[in-house]
Amino acid sequence: MAIKIVYKHKLATRWMHWINFPILTVMIWSGILIYWANDVYEISIGKTVLVKFFPESFYQTFHITHRLSEGMAFHFVFMWLFMINGLLYVMYTIVTGEWRYLLPNRNSLKESFQVILHDLHIRKTAPPQLKYNAAQRIAYTMIVLMGFGSLLTGFAIYKPVQIQWLTNICGGYEWARAEHFILTVGYVLFFVIHIIQVILAGWNNFRAMVAGFEVIKDKNKTQTK
Amino acid sequence: MKELIVDEATAKKFKRKSILAFVVFFAMIGLAWAGWKWLGNQPLDNGIRGGIPKPLRKVLDINEEVYSGLYSTKRLVKEYPKSAAAKKARVNGDVGLGTDDFDPATWKLQIVKTGGDTLFLTMEDIKKLPKIDVVHNFKCIEGWSQITWWSGVRFSELIKKYGLDKETKMKYVGMNTPDEEYYVGIDMPSILQPQTILAYELNGKPLPMNQGYPLRLIIPVKYGVKHLKRIGTITFANERPPDYWAERGYDYYTGL
């Protein structure tokens, strides 16, 4: 029986991916500690509040209250790691040409719908793909852009006088804060879908994110080109 | 993507490689967890009043170096028309505003000069200086902001008038409330910024008691925590003067 080894993720990609995970966790956690001090956001229709960010029970469960100074301290220390890791990743994809696998192309939008239909078991076949399918291309490019957005909106709130032009681009101080928050909600949604997809994709896919390669035993089951 | 077709023996090698990768993976998780625990167990920078783990404070101080290096006194805070100012300015703190031993009639601003002499200024002395308006978006460290209209004298103007040039060569300014319950320390470049004022009016009327009557600091390049209400004493120093909120774990610089 022939066994196929498929090299999927480069060493640098894997390191930066996994380093990002705890850093982003600390950023989101400390961000919530900060947000608590002025927790004004909610989603509502008319006067009916659909989602309140956040209910008291949430704060109590995760011990969020009265920790603003702690939150700020962690946020303004770990932001450097988040920034450096993110910029290194972008530079890495540019230099190595990995961006070719990542950036959506002109077929990606159409194909991503086909991928979603396939994932939902509505469509039998998935469109042909390279390392990432069309939906992944869009999602992974979006998440990098969102990271960049967090960096920019973050600095817009953090230094609204010294980097005033940036705050103005964001639509002002209050808007920058809201955008910074919305992007974070976006990460959490991404994370939920990401985890579900990783579980569904199975062991081989996960191993590739740790060891770098997939081991494919049955030729007929080959998914990657 | 690169592919290899391998036989059983080579596949075993890859299996070992894969196991090794997971060993490293879990070791890194353990290391990250240990690092996190270590950070959490570090002594606080202020054991009495709370504070933050010392390594975090160290980085915040490095941040200060970065931002004060990029800071320019010439960069002005956006100003608004007076009509945009809130009719009711939010009140968000009363430390140092106890009324027990405060007598507005005998209040004088005390400026301690480097030689040790103290200048005593009355409200009349201060009002003799040119009065300017600052209508800016006041930003609280909690995350809210409000456009407010303050009037008073430029700090830099006061310095000029009373010949305090020698004092401005120092690195920091310290301010206390008369009861010394609230105190702030501010870097010299920020306090000399032209929109930093000693304010005696809010919305064109004398400051209310809860906004720091008779005189408070308005320093738009900082968060509200530095805008000390009811100034009693002003000092100058090369070392950081004590700062109420920095002692409680907040960043000392808090420059916007």
Side-chain angles (χ1 to χ4, degrees), chain A residues 1-9 11 14-15 18-19 21-23 26 34-40 67-74 76-80 101 130-131 157-164 167-168 172-174 177 207-217 219 222 224-225, chain B residues 1-8 10-11 14-15 17-22 24-25 28-29 32-33 35-36 39 50-53 55-60 62-63 67 70-72 75-78 136-137 139-145 193 195 220-222 245-246 248-251 254-256:
Chain A
M1 182 176 65
I3 298 162
K4 194 156 77 170
I5 304 289
V6 181
Y7 286 98
K8 199 169 178 189
H9 302 299
L11 184 69
R14 284 175 274 145
W15 272 95
W18 288 113
I19 286 173
F21 179 65
I23 293 174
V26 172
I34 297 171
Y35 171 76
W36 168 84
N38 184 38
D39 59 340
V40 287
R67 293 174 78 178
L68 170 61
S69 63
E70 194 186 351
M72 292 181 90
F74 277 99
F76 300 139
V77 170
F78 280 79
M79 66 170 190
W80 295 118
Y101 296 110
L130 293 171
K131 187 177 294 193
I157 320 166
Y158 188 35
K159 300 289 159 192
V161 179
Q162 303 307 316
I163 328 178
Q164 210 166 117
T167 315
N168 292 338
Y173 184 70
E174 298 280 342
R177 188 176 190 258
R207 172 176 39 203
M209 202 61 226
V210 175
F213 52 83
E214 291 190 0
V215 183
I216 297 161
K217 276 181 187 153
K219 257 192 182 168
T222 304
T224 36
K225 243 201 228 157
Chain B
M1 281 182 287
K2 209 172 89 182
E3 293 181 0
L4 286 176
I5 306 287
V6 297
D7 54 21
E8 293 276 355
T10 324
F14 275 96
K15 196 143 218 180
K17 256 181 117 172
S18 167
I19 290 168
L20 184 70
F22 272 92
V24 173
F25 182 63
M28 285 303 133
I29 291 175
W33 184 251
W36 181 251
L39 190 54
I52 48 171
L56 295 183
R57 175 65 72 190
K58 233 176 227 169
V59 180
L60 292 189
I62 295 170
N63 287 356
Y67 302 130
L70 298 172
Y71 173 86
S72 164
R75 237 168 260 141
L76 294 182
V77 173
K78 186 183 174 187
H136 80 294
N137 192 24
K139 296 175 191 71
C140 178
I141 202 159
E142 292 171 359
W144 54 267
S145 67
Q193 201 261 13
Q195 290 161 305
V221 294
K222 299 283 186 193
W245 286 111
R248 286 157 180 81
Y250 287 86
D251 179 29
T254 62
L256 295 170

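Residue numbers start from 1 in every chain, and the chains themselves are labelled A, B, ... in the order their sequence lines are given, proteins ahead of strands.
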Which portion of [X] sits near chain B, non-hydrogen atoms under 4.5 angstrom:
| X | answer |
| --- | --- |
| A:Ile157 | backbone |
| A:Met209 | neither |
| A:Pro22 | neither |
| A:Phe21 | neither |
| A:Tyr35 | neither |
| A:Trp18 | side chain |
| A:Ile163 | neither |

Which atoms of [X] approach chain A - backbone, side chain, both or neither, heavy atom under 4.5 Å:
| X | answer |
| --- | --- |
| B:Lys58 | neither |
| B:Pro220 | backbone |
| B:Asp251 | neither |
| B:Leu56 | both |
| B:Arg57 | neither |

Return the minimal non-hydrogen interatomic distance between [X] and [Y], and the atom names on each side.
| X | Y | result |
| --- | --- | --- |
| B:Val77 | A:Gln164 | CA-NE2, 4.1 Å |
| A:Lys4 | B:Ile5 | CD-CD1, 3.6 Å |
| B:Ile52 | A:Ser69 | CG2-O, 4.2 Å |
| A:Ala211 | B:Ser18 | CB-CA, 4.0 Å |
| B:Ile141 | A:Leu68 | O-CD2, 3.9 Å |
| A:Asn38 | B:Glu142 | CB-O, 3.2 Å |

Item to complete: Determine yes or no for a side-chain-to-main-chain donor-acceptor pair under 3.5 angstrom, with B:Asn137 supplying the side chain and A:Tyr173 the backbone.
Response: no
Practice prompt. Look only at the side chain of A:Lys159 and the backbone of B:Gly255, and say whether a donor-acceptor pair between them is shorter than 3.5 Å.
Written response: yes
Worksheet item: Are side-chain heavy atoms of B:Gln195 and A:Val161 found at a separation under 4.5 Å?
Response: no
Would you compute the distance between atom [atom1] of [X] and atom [atom2] of [Y] and round it to the nearest 0.5 angstrom?
| X | Y | atom1 | atom2 | result |
| --- | --- | --- | --- | --- |
| A:Asn168 | B:Lys78 | CG | NZ | 6.0 Å |
| B:Ile19 | A:Arg207 | CD1 | CZ | 9.5 Å |
| B:Lys139 | A:Glu174 | NZ | CD | 9.0 Å |

Worksheet item: Under the side-chain contact (heavy atoms from CB on, under 4.5 Å) criterion, do A:Trp80 and B:Val59 qualify, and how do the steps go?
Response: CA-CA 10 Å; A:Trp80 295 118; B:Val59 180; 4.3 Å; yes
Worksheet item: For A:Arg14, what residues pass the salt bridge (charged side-chain N to carboxylate O under 4.0 Å, His left out) criterion, not counting sequence neighbours?
Response: none
Fill in: By salt bridge (charged side-chain N to carboxylate O under 4.0 Å, His left out) - contacts of B:Lys222 (at least two apart)
B:Asp187
Response to the item:
Scored by heavy-atom pairs under 4.5 Å with chain A, the best of B:Trp245, B:Phe22, B:Trp144 is B:Phe22
Discussion item. Below 4.5 Å, heavy-atom pairs only: which of B:Val221, B:Val24, B:Leu60, B:Asn63 has the largest tally toward chain A?
Written reply: B:Asn63
Worksheet entry | side-chain contact (heavy atoms from CB on, under 4.5 Å) evaluation trace for B:Trp36 with A:Val26 | CA-CA 10 Å; B:Trp36 181 251; A:Val26 172; 3.7 Å; yes
Worksheet entry | ring pair (Phe, Tyr, Trp, His ring centres under 6.0 Å) between B:Tyr67 and A:Tyr158, worked out | CA-CA 11 Å; B:Tyr67 302 130; A:Tyr158 188 35; 5.3 Å; yes
